[in-house]
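Input: a single structure, listed below in C-alpha cells.
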Amino acid sequence: MLDNDLEKIPKLTPTLGVEYKNYKVLGLDATTWDMGGQSRYRMKYLTEFQKYFEGTSVLFYVIDFQAEDLYGDALDYLKKIITALKKFYSNGVFIPILFHKYDPHVYAKKEEVEQKSSALKERVEKVIGTIPHAYYMTSMYEPYSVFKAFSEGLLHQVTGGELIFQKIGTIATELGSPAAILLTMGGYIYGAWHSKDVQLMDLVKFSRTVLDFSHLISEKLKTAFNVLPLTEMLDIAAITFSNGSDLIAYCIMVPKAKDNTKLQEELSKKQEEMQKVLELIGKA
Ligand SMILES: Nc1nc2c(ncn2[C@@H]2O[C@H](COP(=O)(O)OP(=O)(O)OP(=O)(O)O)[C@@H](O)[C@H]2O)c(=O)[nH]1
Ligand SMILES: [Mg+2]
C-alpha cells in the first residue's frame, strides 16, 4: 500500500519473511522492513532479535482493530518486543500503533468506536510504558489514513520534524482555514492539521482530493497556485513549491467566498515561512 499503488490493494498477499524497500522522505533515505506476521516468523523475530531490530528508529505496530478476540495475542507479542527492545536498545525507538481495518463502512457509530479504541489504548499503555508512541486509526479503504501514519511516523524521527507539524497548523489558523495538509508530489504526507469544528465528511473528501491532486503535481506546476472545488461551500487552495529535489504542495480548505487573488497573495507569503522551516529540517 505504501507504494501509493492503489491497484495493488485487492491483491494483498501474506508477506513471506521480511520485504525490504527504500524510500526517500524529506530528502533522507529510509529503508522499510515489512515483517510478515505469521506465527513462524513472529517467533523468529524474537529469537534472532538483534538481527531484525538493530538500528530500528520507527517500529509500526499494526493491530487488527476488527479482531477483538486477537487483541490479547497482539498485546502479548508487543510486550515481548518491548521487553527485548529495553534489553538491547534502551532508547531511540518510536512506535506508531496502528488500529487497522478501521473501515468507514463498518464503524458508523462514533461512540462505539471511541469506547473500543480507548479501551484498547488503555491496554496498550500498560504494555508500552515510557516508550514514545502514537496512535493511528487506519483502513485500506481510506488510503490517506495509512499514508498519514507512515509519513508522520518517519517525520517524527527527523530533526525539526515537529516544527513542520506546528507550522502546518499555525499557517492554516492564520489564514482562517479549518484544515491543511502538506505533502509531496508522490503523495507522502509531511503532516496534516484540522480544527475541531470541521465536518468529518468534508475532511474525508478534502484528504482524498488532496491525495489525488498530489499525483498530478509535476514540474510544470512548480510554484503554482491552484483552486480546486471541494463542496458547495468549500474549495481547496493549493500552493506548490520545490524543496530540494522534492515538489511539495500545501493545501488548505477555504470557503468558496474567499477572494482568490488575495488568497494567492497570502498563501505565497506563508509558503516562504514554511520553506524556511523545511530548510532547517534534518540539518541540526
Ligand atoms: N477490511 C479490511 N481488510 C483489510 C485491511 N487491510 C488489509 N485487509 C485485508 O486483510 C488481509 C491481510 O492483509 P495483509 O496486508 O496481507 O496483512 P499483513 O498484516 O501484511 O499480513 P502478513 O503479511 O501475513 O503479516 C487481506 O485479505 C487484506 O485484503 C483493511 O483496512 N480493512
Ligand atoms: Mg504483509
Side-chain angles (χ1 to χ4, degrees), residues 1-23 30-49 51-53 56 58-82 84-85 93-110 112-117 119-121 123-124 127-128 133-154 187-189 192 200-201 203-205 207-208 211-212:
M1 258 207 81
L2 295 174
D3 301 331
N4 277 345
D5 189 348
L6 301 185
E7 282 171 17
K8 273 191 197 154
I9 288 179
K11 298 177 226 121
L12 287 174
T13 49
T15 309
L16 302 176
V18 181
E19 285 173 9
Y20 309 91
K21 284 219 174 74
N22 295 308
Y23 291 87
T31 305
T32 56
W33 294 34
D34 175 6
M35 302 171 75
Q38 291 171 49
S39 62
R40 57 191 163 127
Y41 302 126
R42 292 206 304 265
M43 286 294 295
K44 205 163 175 237
Y45 304 143
L46 289 177
T47 51
E48 299 171 46
F49 191 81
K51 177 175 154 193
Y52 288 103
F53 289 90
T56 300
V58 189
L59 196 161
F60 294 88
Y61 197 76
V62 184
I63 300 178
D64 184 338
F65 191 59
Q66 290 191 21
E68 279 178 76
D69 50 334
L70 296 176
Y71 287 176
D73 289 354
L75 293 163
D76 283 348
Y77 192 68
L78 180 62
K79 191 169 188 168
K80 286 180 183 145
I81 289 184
I82 304 282
L85 277 176
V93 182
F94 173 59
I95 309 188
I97 307 219
L98 278 60
F99 292 173
H100 191 60
K101 300 199 187 174
Y102 171 59
D103 300 345
H105 55 276
V106 175
Y107 296 99
K109 288 201 195 105
K110 216 178 156 192
E112 206 180 291
V113 177
E114 270 167 17
Q115 252 181 16
K116 201 172 137 179
S117 68
L120 183 55
K121 274 181 198 166
R123 294 176 71 184
V124 173
V127 171
I128 208 154
H133 60 284
Y135 295 99
Y136 293 94
M137 308 291 286
T138 56
S139 166
M140 71 174 190
Y141 295 107
E142 211 55 86
Y144 167 80
S145 65
V146 181
F147 298 141
K148 184 169 179 274
F150 181 71
S151 311
E152 288 189 8
L154 289 185
Y188 284 110
I189 298 156
L200 189 60
M201 282 312 293
L203 201 59
V204 168
K205 203 159 180 213
S207 54
R208 280 189 192 152
L211 207 54
D212 287 344

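Counting starts at 1 for both ligands and their atoms, following the listed order.
- Around atom NZ of K116, more than 12 heavy atoms belonging to other residues, nucleotides or ligands sit under 6.0 Å away.
- Residue Q38 places its CD atom among more than 12 non-hydrogen atoms of other residues, nucleotides or ligands, all under 6.0 Å distant.
- The CG atom of L120 lies 3.5 Å from the CZ atom of F99; values are rounded to the nearest 0.5 Å.
- With a 4.5 Å cut-off on side-chain heavy atoms, E152 and P96 do not count as touching.
- Less than 4.0 angstrom separates some heavy atom of G37 from each of these atoms of ligand 1: 22 (P), 24 (O), 25 (O).
- For the pair Y102 and ligand 1, no heavy-atom separation below 4.0 Å is found.
- Residue T15 has at least one heavy-atom neighbour below 4.0 Å for each of these atoms of ligand 1: 20 (O), 22 (P), 23 (O), 24 (O).
- Against a heavy-atom cut-off of under 4.0 Å, P14 is close to the following atoms of ligand 1: 23 (O), 24 (O).
- Protein N/O/S atoms closer to the Mg ion (ligand 2) than 2.8 Å number 1 in this structure.
- In this structure, Y41 and M35 have side chains that are not in contact, with every pair of non-hydrogen atoms separated by 4.5 Å or more.
- Evaluated by nearest non-hydrogen atom to atom 4 (C) of ligand 1, the leading choice among M35, K101, R42 is K101.
- By the 4.0 Å heavy-atom criterion, T13 is counted among the residues contacting ligand 1.
- Here the side chains of Y136 and Y102 are not in contact, with every heavy-atom distance at 4.5 Å or above.
- Taking 4.5 Å as the limit, some side-chain heavy atom of F65 sits within range of a side-chain heavy atom of S117.
- A heavy-atom distance below 4.5 Å is not found between the side chains of F53 and V93.
- In this structure, Y61 and V124 have side chains that are not in contact, with every pair of non-hydrogen atoms separated by 4.5 Å or more.
- Close N/O approach between H100 and ligand 1 is found [any backbone or side-chain N/O within under 3.5 Å].
- In D103, the part holding a heavy atom less than 4.0 Å from any atom of ligand 1 is the side chain.
- Side-chain contact between W33 and Y45 is absent, with no heavy-atom pair separated by less than 4.5 Å.
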